[in-house]
Amino acid sequence: MRMSQLFLRTLRDAPTDADVDSLRLLSRAGYVRKVAAGFYSWLPLGSRVLRNVERIVREEMDAAGAQEVLLPIAQPLELWQQSGREQLYGPLMFRISDRKDAGYCLAPTAEELITATVRGEYSSYRDLPVNLYQIQWKYRDELRPRFGLLRSREFLMKDAYSFDTDAANLRKSYQLMYDAYHKVFERCALNFRPVRAQSGDIGGDVNHEFMAVANIGEDDFVWCKSCDYAANVEAAVRRSPEPVAPGSQPMSKIATPDKPGINAVAEHLGCAASELLKCLAFETEAGAIGLALVPGDREVNEYALKVALGGVAYEFLDDAAFARFPRLPKGYIGAHNQHIEIAVADPSVLARTSWVTGANEVDHHVTDAVVGRDFQPTVVAPIVVVASGDVCPECDGELSVDRGIEVGHVFQIGTKYSESLGATFTDENGEAHPMVMGCYGIGISRVVAAIVEEHHDEAGICWPAEISPYAVHLIALTGKGATSEEVRQAAVAIYDGLNSAGVSVVYDDRDVSPGVKFADADLLGVPVQLVVGAKGLARGVVERKLRKTGSRDELAIDAVLGQYIGEGAKSRG
Ligand SMILES: [Zn+2]
């Protein structure tokens, strides 16, 4: 492609509302243009990059035995009513109606439609397993679209769905996808981690998020510096500290006037927040009052608390609720409160000889409260939010908490959709069972943004070879001089030669200054730049610059083609 022909305008400055590096650079380099909040047009360079990610995903999905389909973007709302998810999605779903007032949505995902599709074709155990995928635009009417392509309202997604006869076979299908995802994200050159994630249901189906490590990520995740352990913050646990022998000092009450907060009390007593026992009051859906007990410097993992309660829903008391329970003085509740029906303690509560805690009386606390003597947990379970520096549950390594971008998700769903939508098969004995499903997503447009977040510098994008819109960026330093025509001819010969050899090349043949050409080449981010200039030409060489490292060397013009034959396979864009 000659740049004089390419539909491209690079921008000196990013749009003022571009709030992340990926959007700033993709906008400046002319890959995408914003159309409306959360909607973007992909211009020629952007389209090539998007297709490259698609191609990698398609190749790995096909290699894993999945079959590509293409479902409509507009789906009948009726399907969503059958699964019960119309309500769940609520305003997140774009809704449309046709001229007969029939309701449709712009698909945010496709579990319902794919289940209905398989239901209509397959009915025997002999048909299974099957895994179908599509690469199709999806829609979510985010309240606050932000971070450009990372949280947009329209996004390109690969969604796959496996159908099996039982849970054991589902695990095999799941593993195939899990392995394929590793290959996809390795080829996309992302620094990623598969992270254990909780499903929406307690007791949980197996599911993993693939997180690309990035400072601007929206999700925290926990990983071990010494082993493969990684989990999202909800699902993460730490190795709990060992219990210690309880203290023998008697509990004593002290005045802490107007000191309802952990930090205020710690400062007042001259002790660390970790010596105070945090007692968070909650009420279960059945109306029982409970306390969650954790050290004063730790937070309660709300999901883990629900698991500890056996899946019972609960809410922490707010001011209105506290007003209903005068025996629970907000800010001064102690673990020895007589009106508490359930006390869930983190194992670390057993790892101190005694605690400072509320006295269950306004303006007072107690010291030397001893677990087992002064208060008795009804449940001991890990309920603290894991923090950097905690000990890995699977080795003695140190855990770290980092930010990430969720680029993929693999999920063992089970029979939720096959039951609600009636996708059943008959077994060897003629008995009907719901098919057992898995679903597997990759945010393709989000992957493009995640790659830019990881692979850029101040001058612009640094594409990995397989993703780059072109394999080579050829620059001809033509000017007004007498040698200008020679330079142009040499560049055209290289351009034609590379094209014939199947190497994709963008050739800057524009009548602009060398400075503009160099700056645009760095901004666009093609991994290899070849520069043809009069001085080099006189010696029979061109300069080669690697975008990522900035390293430069010279290639004999005769050797350029030999060097890049075979490179074509890396960027077929
Ligand atoms: Zn570990």
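Both counts, for ligands and for their atoms, begin at 1 and track the order of listing.
Taking Val69 as the reference, Leu71, Ile114, Leu132, Gln134 meet the side chain to side chain contact (heavy atoms under 4.5 Å, CB included) condition, with sequence neighbours excluded.
A salt bridge links Glu54 to Arg51: one of the charged nitrogens lies within less than 4.0 Å of a carboxylate oxygen.
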For residues 284-291, please give each side-chain donor-acceptor pair under 3.5 Å, one per line with the distance, not counting sequence neighbours.
residue : atom : partner : partner atom : Å
Thr284  : OG1  : Ala286  : N            : 3.3
Thr284  : OG1  : Gly287  : N            : 3.4
Thr284  : OG1  : Ala288  : N            : 3.1

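Around the Zn ion (ligand 1), the protein contributes the following N, O or S atoms at distances under 2.8 Å: Cys224 SG, Cys227 SG, Cys392 SG, Cys395 SG.
Taking the ring centroids of Phe282 and Tyr314, they lie under the 6.0 Å cut-off. For Phe155 and Tyr40, the ring centers sit 6.0 Å or farther from each other.
The stretch residues 376-390 participates, sequence neighbours left out, in these side-chain hydrogen bond (donor to acceptor under 3.5 Å, both in side chains) pairs: Arg298-Asp390.
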